[in-house]
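Below, read A as the first sequence line, B as the second, and so on, with proteins coming before strands; counting in each chain starts at 1. All values below were derived from every heavy atom in this structure, side-chain atoms included, with hydrogens, water molecules and symmetry-related copies excluded.
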There are 2 protein chains.
Amino acid sequence: MSIEQKSAGTVALYQRIRTDLETRILSGEWPPGYRVPFEHELMQSYSCSRMTVNKVLSALAAAGLVVRRRRAGSFVSRPRAQSAVLQIPDLKAEVEKRGERYGYQLLKLTKRIATANDRARLAVGARESVLALRCRHDADGEPFAIEDRLINPQAVPVALQQDFSVIPPNTWLVGQVPWTEAEHRIIACNAAGADAAELKLDEGTACLVIERKTWRNGEPITAVRLTHPGHLYNLIARFTPTG
Amino acid sequence: MSIEQKSAGTVALYQRIRTDLETRILSGEWPPGYRVPFEHELMQSYSCSRMTVNKVLSALAAAGLVVRRRRAGSFVSRPRAQSAVLQIPDLKAEVEKRGERYGYQLLKLTKRIATANDRARLAVGARESVLALRCRHDADGEPFAIEDRLINPQAVPVALQQDFSVIPPNTWLVGQVPWTEAEHRIIACNAAGADAAELKLDEGTACLVIERKTWRNGEPITAVRLTHPGHLYNLIARFTPTG
DNA sequence: GCGATCCATTTGTCTATACATATTGGAGGC
DNA sequence: GCCTCCAATATGTATAGACAAATGGATCGC
């Protein structure tokens with residue numbers, strides 16, 4: 001091939017390739033476990049040297065988007081485990097990791113046109129519908145969390161067919177629905193009303209509340225409010241100043 | 001130079017170089033703003049090709065440790081701002097950012113040989129001393145946080161000369177003492193005893209408690225427990241799955 | 001003294017090549 | 001069927017050379 005390094009506009013070739021691959025991964029076109037084309041194949045399809053695609057794949061590996069294995073190839077990785085605060089935990093897995101018996105009960109499920117309150121939480125359009133769920137997670141028979149969730153069926157139409165009386169929405173979403181951005185808000189408040197009753201707590205017991213919103217390429221996916229008994233749950237994060 | 005790629009043990013050359021440079025930066029030997037040697041110089045001192053040192057410097061730039069400028073060189077950057085949960089906030093700055101009047105009062109300061117409890121919190125040696133402080137932060141005259149802190153004077157000897165009746169330890173440490181690792185634990189609990197009284201809260205009011213430990217190259221610096229009234233403080237984190 | 005211009009320097013990107021290393025899949029022996 | 005060993009293959013690391021782009025500083029003209 002000829003020496004024409006910055007042909008397309010002003011953007012570097014390896015940047016263009018990286019964006020390409022990232023798009024395919026984040027869009028779900030290449031799901032977790034998918035084998036990314038070999039360096040050899042990429043260098044043919046982009047008409048460039050191996051060093052260039054190697055730089056891209058190494059960078060994606062450093063960013064945790066792919067895992068590279070000698071002789072086997074590069075594979076789209078599952079979302080990395082992060083420090084716990086910045087994780088979206090699967091409550092079922094968390095409970096079982098602690099060696100306790102996991103229990104789950106769907107308390108309520110409705111599909112409705114978004115109310116003003118719903119729209120404040122989920123930012124969907126005025127006439128659009130939302131899926132609202134409320135359920136309880138138990139550890140060894142003791143209530144462990146109340147999950148109050150809104151799902152945007154426009155973003156996740158499959159959710160309407162899902163049977164959430166068996167699979168917790170938390171577990172299902174973590175495993176099935178890719179997301180690109182999330183926000184946590186962590187609050188301490190006193191248990192009251194239905195929350196207190198369903199968690200079998202005295203009124204006023206301190207609870208740790210995690211409100212989380214997730215988006216996929218700017219489109220809201222779900223908003224959840226997880227209320228945990230303060231004495232049963234706390235969050236841990238380890239980090240360094242360099243990020 | 002000869003072709004002998006993996007001479008020193010089994011560790012890659014570019015990894016060795018990267019560790020070298022990172023150590024110098026994190027140890028403070030190369031402070032923020034310091035000009036890292038040019039690629040040309042590094043390739044001479046490590047007897048390697050430019051591509052190799054370029055790979056190292058590009059990786060450090062991607063990690064945010066250095067900033068690179070054409071013709072000028074590479075410079076050690078200031079620590080990046082992080083998402084709020086993974087930040088060590090300066091409470092004074094936080095309060096003033098919200099447009100409220102900041103107040104501060106030192107409640108207690110003692111220097112003592114570490115008790116068993118102290119050592120559980122700070123992991124200092126058996127006969128070593130610790131600096132223990134307790135203070136209150138106010139926003140617009142209302143109690144905003146109780147700060148319960150241990151400082152390791154072995155790691156931060158300057159702390160012994162500091163006048164903490166004027167400068168909050170939080171503010172002083174954030175500005176003065178570099179750290180390499182930190183851990184947060186976030187808890188919800190009911191206010192009780194001295195905490196409730198000093199925060200002017202009714203017994204049982206939900207509080208958000210942040211326990212933080214910081215280290216510098218493995219040496220413990222400080223351990224702090226910040227107790228905030230739940231209705232006055234919550235934590236926010238925005239993040240993406242790719243890290 | 002001041003501003004425009006040019007140049008040397010430094011990083012940015014890319015190529016072609018080379019050898020190292022790990023690992024998978026299969027061939028062959030038992 | 002199962003184990004061992006081997007070779008093909010994909011990634012990992014490193015090199016030397018090349019040109020591009022940006023810019024700090026010097027030089028030159030006024």
Side-chain angles (χ1 to χ4, degrees), chain A residues 1-22 24-25 30 33-77, chain B residues 1-22 24-25 30 33-77:
Chain A
M1 69 226 62
S2 63
I3 298 173
E4 37 159 340
Q5 279 140 217
K6 296 267 194 85
S7 53
T10 66
V11 64
L13 174 56
Y14 91 91
Q15 269 299 351
R16 223 166 48 74
I17 300 177
R18 177 170 181 173
T19 306
D20 263 27
L21 302 192
E22 276 186 344
R24 281 195 243 261
I25 292 171
W30 291 351
Y34 180 89
R35 207 211 74 224
V36 173
F38 297 128
E39 294 188 352
H40 193 70
E41 301 172 293
L42 288 173
M43 100 191 228
Q44 288 219 330
S45 60
Y46 286 101
S47 295
C48 65
S49 80
R50 207 192 121 212
M51 278 305 290
T52 302
V53 296
N54 180 287
K55 184 173 178 176
V56 172
L57 289 176
S58 299
L60 289 180
L65 275 182
V66 303
V67 171
R68 312 198 73 194
R69 293 202 343 254
R70 277 185 157 106
R71 172 65 220 256
S74 305
F75 299 85
V76 176
S77 55
Chain B
M1 70 226 61
S2 64
I3 297 174
E4 37 161 340
Q5 277 139 220
K6 295 268 194 85
S7 53
T10 67
V11 63
L13 174 58
Y14 90 92
Q15 268 299 351
R16 223 166 48 73
I17 301 177
R18 177 169 181 172
T19 305
D20 263 29
L21 303 192
E22 277 186 344
R24 282 194 243 260
I25 293 170
W30 290 352
Y34 180 90
R35 207 211 75 223
V36 173
F38 297 127
E39 294 187 353
H40 193 69
E41 302 173 291
L42 288 173
M43 100 192 229
Q44 287 218 331
S45 60
Y46 287 101
S47 295
C48 66
S49 78
R50 208 192 121 214
M51 278 304 291
T52 302
V53 296
N54 180 287
K55 185 172 178 176
V56 172
L57 289 176
S58 299
L60 289 181
L65 275 181
V66 303
V67 172
R68 312 196 73 194
R69 291 201 345 254
R70 276 184 158 109
R71 173 63 222 254
S74 305
F75 300 84
V76 177
S77 56

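- For B:Arg24, there are no side-chain hydrogen bond (donor to acceptor under 3.5 Å, both in side chains) partners two or more places apart in sequence or in a different chain.
- At a threshold of 4.0 angstrom between heavy atoms, the contacts of A:Ser74 are confined to the sugar-phosphate backbone, with no base atom among them.
- Both A:Lys55 and B:Ala72 lie near DNA chain C, and the one whose nearest nucleotide falls closer to the 5' end is B:Ala72.
- One interatomic measurement links the two molecules: CG of B:Leu57 to P of C:dT10, which rounds to 13 Å at whole-angstrom precision.
- Here the side chain of A:Arg68 is nearest to one of D:dG12, C:dG12, C:dT15, namely D:dG12.
- Residue whose closest nucleotide on DNA chain D sits further toward the 5' end, between B:Gln15 and A:Val36: A:Val36.
- A straight line from CG of B:Asn54 to C1' of D:dA16 spans 14 Å, rounded to a whole angstrom.
- Atom C1' of nucleotide C:dA16 and atom NE2 of A:His40 are separated by 14 Å, given to the nearest angstrom.
- Every residue meeting the salt bridge (charged side-chain N to carboxylate O under 4.0 Å, His left out) condition with B:Arg35, not counting sequence neighbours, appears here in chain and number order: B:Glu41.
- Judged purely by atom type and a 3.5 angstrom limit, A:Ser77 uses its side chain to pair as donor or acceptor with the backbone of A:Leu65.
- Between the base of C:dT21 and the side chain of A:Arg70 there is a donor-acceptor pair shorter than 3.5 Å.
- The side chain of A:Tyr14 sits closest to C:dT13 out of D:dT13, C:dT13, D:dT11.
- No donor-acceptor distance shorter than 3.5 angstrom exists from the side chain of B:Thr52 to the backbone of B:Tyr14, with no hydrogens or angles considered.
- One can place CZ of B:Arg18 at 15 Å from C1' of D:dT13, the figure rounded to the nearest angstrom.
- Distance, B:Arg69 CZ to D:dA21 P: 20 Å, rounded to whole Å.
- Expressed to the nearest 0.5 Å, how far CE of B:Met51 lies from CD of B:Glu39 amounts to 9.5 Å.
- The side chain of A:Met51 lies closest to D:dA14, out of D:dA14, C:dT13, C:dC14.
- If you take CD of B:Glu39 and P of D:dT15, they are 13 Å apart, rounded to a whole angstrom.
- Note: CE (B:Met43) to P (C:dT10) measures 12 Å, nearest angstrom.
- Distance CZ (B:Arg35) to C1' (C:dT11): 13 Å, rounded to an integer number of Å.
- At D:dT15, one or more side-chain N or O atoms of B:Thr52 fall inside 4.0 Å of OP1 or OP2 (strictly under the cut-off).
- Evaluated for a side chain to side chain contact (heavy atoms under 4.5 Å, CB included) with A:Gln15, the options A:Ile17, A:Val11, A:Leu13 yield exactly one hit, A:Val11.
- Within the 4.5 Å cutoff, the side chain of B:Ser58 has heavy atoms near those of the B:Arg68 side chain.
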Could I get a table of every N or O pair under 3.5 Å where one atom is in the protein and the other is in nucleotides 4-9 of chain C?
from: C:dA8; atom 1: N3; to: B:Arg71; atom 2: NH1; distance (Å): 3.4

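- Below the 3.5 angstrom threshold, one finds a donor paired with an acceptor across the side chain of A:Arg50 and the base of D:dG12.
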